[in-house]
Amino acid sequence: MTPGERQKLRLGLAFISPWIIGFAVFGLYPVAMAVYFSFCDYDILRSPILIGTENYTYMLQDEIFWLSLWNTAYYAAFAVPLGLIMALLCAVLLNKEILGRSIFRTLFYIPAIVPLVGVAMIWLWLFNGQFGLVNYALSYLFGIQGPLWLDDPAWTKNTLILSQVWQIGGTMVLFLAGLQDVPRSLYESAELDGANSLRKFWSITIPMVSPVIYFNLIMGIIGGMQEFVKPFVMLGPDGGPERSALLYAVYLYQNAFTYNNMGYACAMAVVLFGIILFLTWLAHVGMRRHLYYAGD
Amino acid sequence: MILPPWCRRVFLLACATIVAIALTGCGDSRDDRTADGRIILQYWEKWGSFEAEAMRRVVDDYNASQDQVLVKFLTVSQIDQKVLLATAGGNPPDIAGLWGYMVPSYAEKNALTPLDSYIAEAGISGEDYYPALWETVSHRGFVWALPTTPATVALHYNKQLFEEAGLDPERPPQSIAELDAMAEKLTIVELERDGQTIQVRYSDMTTQEQAGIADDSRASEFRIIQLGHSPTYPGWWLPMWGYWWDASLVNDDGTRVTPASEPNLDAMRWIESYTEKYGKNNMLAFGSSFGNFGSPQEPFLEGQIAMVIQGVWMYNFIDQFAPRLEWGVAPFPSAYPNTTPKVTILESDVLVIPKGARHPDAAFDFIRYVNQQGPMEKLCLGHRKFSPLVKTSERFLQDHPNPYIEVFIDLASSPNARTTPLIPLWQEYLSEMNVSINSVYRQVIEPEPAMERVEQRIQKKLDRAVRRWELTKDVRLAEWEQMR
């Protein structure tokens with residue numbers, strides 16, 4: 001390294017140092033401490049005491065931990081794929097030359113920018129078992145007596161999924177952007193070969209937007225496993241009747257800030273990190289062969 | 001690329017500024033003296049709205065009464081978490097207004113300053129307060145807080161609905177059994193009789209109809225229009241229903257939780273009896289029609305429920321949203337009115353000095369000021385509650401807007417005025433109890449296995465907390481003794 005290069009390196013490091021310091025102080029340090037606290041009995045006020053793996057072994061016997069994990073898995077298993085499918089379908093439809101396209105695009109995107117707490121409050125009213133518009137519509141249009149959405153343990157998780165699928169705006173916009181990149185020539189040549197719309201969608205659109213699907217899937221898994229605001233507001237800190245919709249992040253929050261079991265909460269956070277890492281790896285391995293990058 | 005020297009200088013200056021700001025932020029640069037030398041005290045309080053105004057007036061009085069200390073009053077949301085984090089971070093407020101149930105947990109975690117010596121010096125003693133309140137502020141033999149605005153709960157009933165049901169509006173129920181019987185008369189159900197949709201009181205329904213409403217598969221044939229009582233509304237004290245059966249939730253030294261005791265199981269069976277009688281689906285459907293508390297659509301204000309358990313604050317909402325409601329207040333009747341009369345839950349807001357506060361002496365001077373009869377009555381009148389001090393002036397009772405304030409005061413001095421269980425684990429116990437009691441109410445699980453499950457889960461956690469206390473006990477007690 002010549003002196004000039006060294007000086008450039010120093011200068012470069014100096015310029016990115018605000019970011020490096022910020023990351024170390026607000027990112028790396030808290031994460032490292034969380035891992036450390038996960039091996040401690042720590043209640044925020046008293047100094048942490050190392051207790052080895054007790055938080056983790058306790059987790060194995062903690063029925064509520066397993067329940068919250070199951071609830072979250074159920075929620076994510078439906079909310080993520082359904083959200084992806086709906087978003088892709090909406091994007092494809094809104095990519096067609098229809099009247100008022102930009103208005104529809106805006107309308108479908110709006111839910112993504114509404115504050116989550118406000119959304120949760122509105123859903124609370126829509127899904128009210130007695131006076132809610134959802135049940136009113138069901139009985140008026142189809143003569144069906146709707147369930148007590150948020151009061152019936154069999155329905156609470158599904159209600160959360162339903163409300164989540166409505167918020168596909170962000171994903172949809174990414175798909176729309178991806179669809180712009182699909183060359184028209186591919187569709188034209190497929191038409192010459194006699195392909196119908198379904199065939200074109202399946203053999204051209206899907207492979208061509210596969211990187212976007214991949215990205216949205218990963219983000220969906222990460223977001224789904226960490227879902228917090230809506231279940232917390234709509235069902236309270238205990239996750240509704242029989243904890244039927246107590247999600248992982250809500251239980252973690254309760255341990256950290258209501259019960260002050262910060263050590264246990266940190267252990268839960270570490271486990272959640274492991275789970276998300278594993279799922280992301282799984283998604284990566286599963287989709288690797290089906291990814292098509294135009295640049296390749 | 002070579003940068004011009006001024007560019008590098010600007011960059012370094014910016015870095016230095018950031019570092020300087022970061023350092024002073026962590027350090028202690030708060031100006032805690034006024035220009036004329038008064039100590040500035042930070043006081044964090046959870047109340048907003050008219051309750052905060054009442055305290056602000058007392059703070060103003062205090063600031064005007066002397067020239068050594070200036071209290072700065074600040075309303076803070078989620079005060080439990082903020083005080084906790086500020087104390088852990090070593091920069092707490094000088095005074096904090098917490099809820100009484102938080103005292104054991106905060107004290108045990110070494111987050112508070114013991115007040116014993118201050119109290120002795122100021123001539124304050126436990127006898128000045130209602131006994132249950134003094135229990136609330138004591139933990140492990142030390143006093144950690146002083147009460148401010150307390151509250152008791154009582155039966156609130158709708159006199160007009162009583163009259164419509166042919167009941168004497170001046171004679172509220174005297175026992176749980178009588179409450180249940182009155183509730184049957186006060187419950188109106190819509191059903192089909194001889195091909196016509198009619199509304200009948202539950203007590204006037206035929207035996208077949210009563211069997212029908214209890215049968216969940218026939219829920220669609222019935223609709224509750226008005227309810228006499230529901231053990232789960234408002235549902236804020238579900239785990240403590242056992243008090244009306246003379247049950248305890250913890251043993252005397254706080255080392256065992258006892259939710260599965262026979263008296264407590266009786267209370268749980270009573271809760272379950274309501275869904276068994278009126279049908280789970282009907283009760284849940286009716287429950288989901290309730291408007292929010294603190295709105296004009298609250299079911300008691302709307303006349304949807306005739307009898308509810310509520311605190312002394314309910315008057316404020318009646319006054320604001322339903323001034324024409326004809327209502328009465330009486331002690332919520334117990335299961336054994338002869339042996340266990342006048343049962344209530346006594347809760348209180350408290351003032352504490354967080355550990356590490358910079359001016360504990362000045363902070364206590366303010367707390368002492370608030371705990372004098374005059375300022376305390378001014379504060380409690382502003383809250384429209386009663387005073388935590390046993391001695392209450394005639395003037396206070398005359399000026400009090402709540403026509404039933406004496407019922408609440410009478411309940412506070414009852415030997416059956418109980419507090420929330422005073423153990424550091426209460427939050428976890430509470431949430432476990434709430435979930436299980438809701439399941440009992442929904443007939444998912446019988447009271448006995450439900451309460452055994454709670455006992456097993458919480459006892460395990462309590463054992464751990466007790467173990468930890470045993471390990472650190474000597475050090476802590478010595479440390480507190482020194483601060484005392």
Side-chain angles (χ1 to χ4, degrees), chain A residues 4 7-8 10-12 14-15 17-18 21-22 25 41-47 49 51 54 58 61-64 67 121 124-125 127-132 135 145-153 236-244 246 251 253-262 264, chain B residues 1-3 8 11-12 14-15 18-19 22 78 80-81 84-85 87-89 105-106 108-112 219-220 223 281 284-292 354-355 424-432 434-436 438-439 441-442 444-445 453 457 460-461 464-465 467-468 471-472 476:
Chain A
Q7 201 206 349
K8 273 187 187 169
R10 268 206 298 269
L11 204 60
F15 266 104
S17 64
I21 293 169
V25 172
D41 181 6
Y42 180 43
D43 58 17
I44 304 176
L45 284 164
R46 288 177 286 195
S47 48
I49 298 174
I51 50 168
E54 200 181 307
Y58 179 74
Q61 325 157 13
D62 184 1
E63 297 154 56
I64 301 161
L67 180 68
M121 296 308 288
L124 270 181
W125 278 108
F127 280 120
N128 183 297
Q130 197 83 328
F131 299 132
N135 276 1
Q145 169 81 36
L148 297 173
W149 298 92
L150 292 161
D151 273 325
D152 185 343
D238 287 325
E242 278 129 66
R243 293 196 173 102
S244 52
L246 177 66
Y251 186 50
Y253 170 87
Q254 254 199 312
N255 268 303
F257 296 107
T258 312
Y259 307 154
N260 298 332
N261 293 335
M262 194 50 94
Y264 189 58
Chain B
M1 180 191 67
I2 302 295
L3 289 167
R8 251 179 288 177
F11 177 74
L12 287 175
C15 286
I18 290 169
V19 170
Q78 291 193 308
D80 44 346
Q81 288 174 25
L84 189 78
L85 292 176
T87 309
S105 147
Y106 274 56
E108 189 126 331
K109 288 172 187 159
N110 218 16
L112 304 179
S220 56
R223 201 157 75 91
N281 290 353
L284 290 180
F286 187 65
S288 69
S289 74
F290 294 165
N292 288 338
K355 191 170 181 198
L425 269 180
W426 172 237
Q427 282 300 306
E428 279 159 282
Y429 194 5
L430 173 72
S431 110
E432 196 65 49
N434 276 333
V435 170
S436 288
N438 271 311
S439 299
Y441 182 70
R442 288 157 188 277
V444 180
I445 184 168
R453 190 178 69 183
R457 280 186 189 162
K460 199 157 61 182
K461 294 189 174 184
R464 204 165 134 189
R467 240 183 1 254
R468 181 160 182 168
L471 284 175
T472 53
R476 285 274 180 268

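The ring pair (Phe, Tyr, Trp, His ring centres under 6.0 Å) check on A:Phe131 picks up nothing, with sequence neighbours excluded. With sequence neighbours left out, the side chain to side chain donor-acceptor pair (under 3.5 Å) criterion links A:Tyr259 to A:Gln254, B:Ser431.
Distance check, rounded to the nearest 0.5 Å: OG of B:Ser289 to CG of A:Asn128 gives 7.5 Å. With rounding to the nearest 0.5 Å, the separation of CD in B:Glu428 from CD1 in A:Ile64 is 9.0 Å.
Inter-residue side-chain proximity for A:Phe257 and B:Gln78 is flagged as unmet; no heavy-atom pair is nearer than 4.5 Å. Residues B:Arg464 and A:Ile51 are in side-chain contact: their nearest non-hydrogen atoms beyond the backbone lie under 4.5 Å apart. With contacts defined as side-chain heavy-atom distances shorter than 4.5 Å, the pair A:Glu242/B:Ile445 does not qualify.
Comparing A:Asp151, A:Asp152, A:Asn261 by how many heavy-atom pairs each has under 4.5 Å with chain B, the most go to A:Asp151. Contacts with chain B were tallied for A:Asp238, A:Ile44, A:Val25, A:Leu150; A:Asp238 has the most, counting heavy-atom pairs under 4.5 Å. Of the listed residues (B:Asn434, B:Thr472, B:Asn438, B:Val444), the greatest number of heavy-atom pairs within a distance under 4.5 Å of chain A belongs to B:Val444. Ranked by heavy-atom pairs under 4.5 Å with chain A, the list B:Leu284, B:Leu84, B:Leu85 is led by B:Leu84.
The heavy-atom pair separating B:Ala88 from A:Leu45 by the smallest distance is N-CD2, 3.9 Å. The heavy-atom pair separating B:Arg468 from A:Ser47 by the smallest distance is NH2-O, 3.8 Å. The two residues A:Leu148 and B:Ser288 make their nearest non-hydrogen contact at CD2-OG, 3.9 Å. In plain terms, the two heavy atoms of B:Arg457 and A:Glu63 that are nearest each other are NH2-OE1, 2.6 Å.
Side-chain N/O atoms of B:Gln427 and A:Asn260 include no donor and acceptor closer than 3.5 Å.
Contact annotation for B:Lys355: neither backbone nor side-chain heavy atoms come within less than 4.5 Å of a heavy atom of chain A.
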